[in-house]
Amino acid sequence: MRMRGALLAALALAGCAAPQGDLIVRVPADAPGSVASPLSRAARAIVAVRPFGEVTDAARPGVVGDRLDGDGRSVGAYVVQPTPGRLVHEAIAAELLAAGHQPGGDGAPVVVEGAVQRFQVKASSTGLYWSVVVDVAAGVTATRGAARLSHSYVAHCQDVAYTQPSAEMMAPLIGRCVADLGRQFRDDDAMARVIGG
């Protein structure tokens, strides 16, 4: 009887380590600190940050990639919440706020907008471990009067796991990649000059 109980417990744990089907990955909002950067040195501005365009299929919002078994077959998708466009929007808005700029609405002198260009998550089993790769890219445009500048930012993050990567394991890795986009925006001298006027 005890042997059967131990076997059932082991099977339950194995099921937790290797979930099937889509996994919802709740990515925490980026919370940058106030650091010296081109964006923080720019003259303070009131900035409207418009919603960012999405890259995922409208029929399956937030689906960003698959978990692949050793034979390359999908065992389920990763679904990020908030959606990729919302995550990048929040990261850019957080960097502006941390740098001392004020949020504005319609009619703000500076408008920042953009779209996610790529947001891919892939976890592949090698037999010994899982290789996890996150690739994100976004185009960002700042407009102040006649001045307008568009730049793209790209981040690549990777890790390994010795069990099938869970939603909880994926969340900080995806968050790190999104935060990297925010840091690139913050450290962009030309973008800061447009925003600051």
Inset, instruction - Test M169 against every option in D159, T163, V25, L23 by the side-chain contact (heavy atoms from CB on, under 4.5 Å) rule and name the one that passes. - result: D159
Inset, instruction - Answer whether the closest heavy-atom distance between the side chains of Y153 and M191 falls below 4.5 Å. - result: yes
Inset, instruction - Taking all non-hydrogen atoms of both residues into account, name the closest pair between A43 and H101 and its distance. - result: O-CE1, 3.3 Å
Legend entry - Member of L149, V110, T143 meeting the side-chain contact (heavy atoms from CB on, under 4.5 Å) criterion with V194: L149
Inset, instruction - Find out whether R186 and V35 are in side-chain contact, i.e. whether some heavy atom of one side chain is under 4.5 Å from a heavy atom of the other. - result: yes
Inset, instruction - Give, for atom CG of D188 and atom OG of S37, the distance between the pair rounded to the nearest 0.5 Å. - result: 10.5 Å
Inset, instruction - Show the numbers, then the answer: is there a side-chain contact (heavy atoms from CB on, under 4.5 Å) between Q184 and H151? - result: CA-CA 10 Å; Q184 291 175 49; H151 281 174; over 6 Å; no
Inset, instruction - Return yes if a side-chain donor-acceptor contact under 3.5 Å exists between T141 and E113, otherwise no. - result: no
Legend entry - Nearest heavy atoms of D180 and A155, plus distance in Å: OD2-CB, 3.4 Å
Legend entry - From C177 atom SG to D135 atom CG, the distance as rounded to the nearest 0.5 Å: 7.0 Å
Inset, instruction - Using a 4.5 Å cut-off on heavy atoms from C-beta on, say whether the side chain of V136 contacts that of L181. - result: yes
Inset, instruction - Please round to the nearest 0.5 Å and tell me the distance separating atom CG of L96 and atom CD1 of I46. - result: 12.5 Å
Inset, instruction - Check whether any side-chain N or O of R148 sits under 3.5 Å from a backbone N or O of A146 as a donor-acceptor pair, and report yes or no. - result: no
Legend entry - Joint cluster assignment, V79 & V64, ILVMFWY side-chain distance < 4.5 Å: no
Legend entry - Spatial distance of atom CZ (R118) from atom NE2 (H156) [nearest 0.5 Å]: 10.0 Å
Inset, instruction - Return yes if a side-chain donor-acceptor contact under 3.5 Å exists between Y78 and D22, otherwise no. - result: no
Legend entry - Point-to-point distance, once rounded to the nearest 0.5 Å, from CH2 of W130 to NZ of K122: 11.5 Å
Inset, instruction - Report the C-alpha separation of Q158 and S131 in whole Å, then their side-chain angles, then the decisive distance to 0.1 Å, and conclude whether the side chain to side chain donor-acceptor pair (under 3.5 Å) test is met. - result: CA-CA 8 Å; Q158 59 188 52; S131 172; over 6 Å; no
Legend entry - Pairwise side-chain contact, F52 with I92, heavy-atom cut-off 4.5 Å (strictly under): yes
Inset, instruction - Please examine the side chains of V134 and Q120, heavy atoms only from C-beta on, and report whether any two atoms are closer than 4.5 Å. - result: no
Inset, instruction - Please check if any side-chain donor atom of Q164 sits under 3.5 Å from a side-chain acceptor atom of S125, or the reverse. - result: no
Inset, instruction - Check whether any side-chain heavy atom of M170 sits under 4.5 Å from a side-chain heavy atom of V132, and report yes or no. - result: yes
Legend entry - Q102, CD: over 12 other non-hydrogen atoms inside 6.0 angstrom: no
Inset, instruction - Please check if the side chain of R144 supplies one atom and the backbone of I195 the other of a donor-acceptor pair under 3.5 Å. - result: yes
Legend entry - Side chain proximity check, V49 to H89, heavy atoms < 4.5 angstrom: yes
Legend entry - Shortest non-hydrogen contact between G105 and A48, atoms and distance: O-CB, 3.5 Å
Legend entry - Taking every non-hydrogen atom, the tightest pair across Q117 and A138: OE1-C, 3.5 Å
Inset, instruction - Taking all heavy atoms of A91 and all of V178, pick out the closest pair and write down the distance. - result: CB-CG1, 3.8 Å
Inset, instruction - Check G196 against A42 and note the closest heavy-atom contact, atom names and distance. - result: CA-CB, 4.0 Å
Inset, instruction - Would you give the length of the straight line joining atom CZ of R41 to atom CG of L39, rounded to the nearest 0.5 angstrom? - result: 10.0 Å
Inset, instruction - State, yes or no, whether a side-chain contact exists between L87 and F119 at a heavy-atom distance under 4.5 Å. - result: yes
